[in-house]
Amino acid sequence: MSPPCRWSRAFTRVDLVQPDTRTLLDKLALLLFSLAGIVDRKLLLVADAYYASGKMITKLLGQGHQLVTRAKSNAVAYWPVQVPRAVAADGQGSTAKK
């Protein structure tokens, strides 16, 4: 008969280990940024649609990297904001064309 204390110690050690709460996106971003620091270059990530989240895109573009992926089914695209034409001093807009 095996001593029960060996098993209880093993389970206690498992319970004491802190779980890794980072997501796959966080882990991949950490891996890419550490790799980019080593090679001292900007990276182009070609990945599955799972990585096309706003969180990942923001992290990559913020560091100057690029991402090629298929858009997720819940993705929403917006056109760039149009800069309004300058308003004349009288508030009537631009002058009429002749």
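From a predicted model like this one, the values you see are computed outputs, not experimental measurements. FYI, the numbering just counts along the sequence from 1.
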task = May I ask you to test the Leu32-His65 pair for a side-chain heavy-atom distance under 4.5 Å?
result = no
ask   = Is the closest side-chain heavy-atom distance between Tyr50 and Leu25 below 4.5 Å?
value = yes
Nearest-0.5 Å distance, [atom1] of residue [X] to [atom2] of residue [Y]:
X	Y	atom1	atom2	answer
Lys55	Leu60	NZ	CG	12.5 Å
Asp48	Arg70	CG	CZ	6.5 Å
Arg22	Leu30	CZ	CG	6.0 Å
Ile57	Thr69	CD1	OG1	7.5 Å

inquiry  = Given 3.5 Å as the limit, does a donor-acceptor pair link the side chain of Lys42 with the main chain of Gln63, or not?
reply    = yes
message = Are Leu44 and Leu67 linked, directly or through intermediate hydrophobic residues, by side-chain heavy-atom contacts shorter than 4.5 Å (ILVMFWY only)?
response = no
task = With side chain to side chain contact (heavy atoms under 4.5 Å, CB included) as the test, would you mind laying out the steps for Lys27 and Asp20 before giving the verdict?
result = CA-CA 10 Å; Lys27 291 177 185 179; Asp20 191 3; 3.2 Å; yes
ask   = What are the two closest non-hydrogen atoms of Ser34 and Leu31, and how far apart are they?
value = OG-O, 2.8 Å
key: Steps toward side chain to side chain contact (heavy atoms under 4.5 Å, CB included) verdict (Tyr51, Val46)   = CA-CA 9 Å; Tyr51 298 100; Val46 180; over 6 Å; no
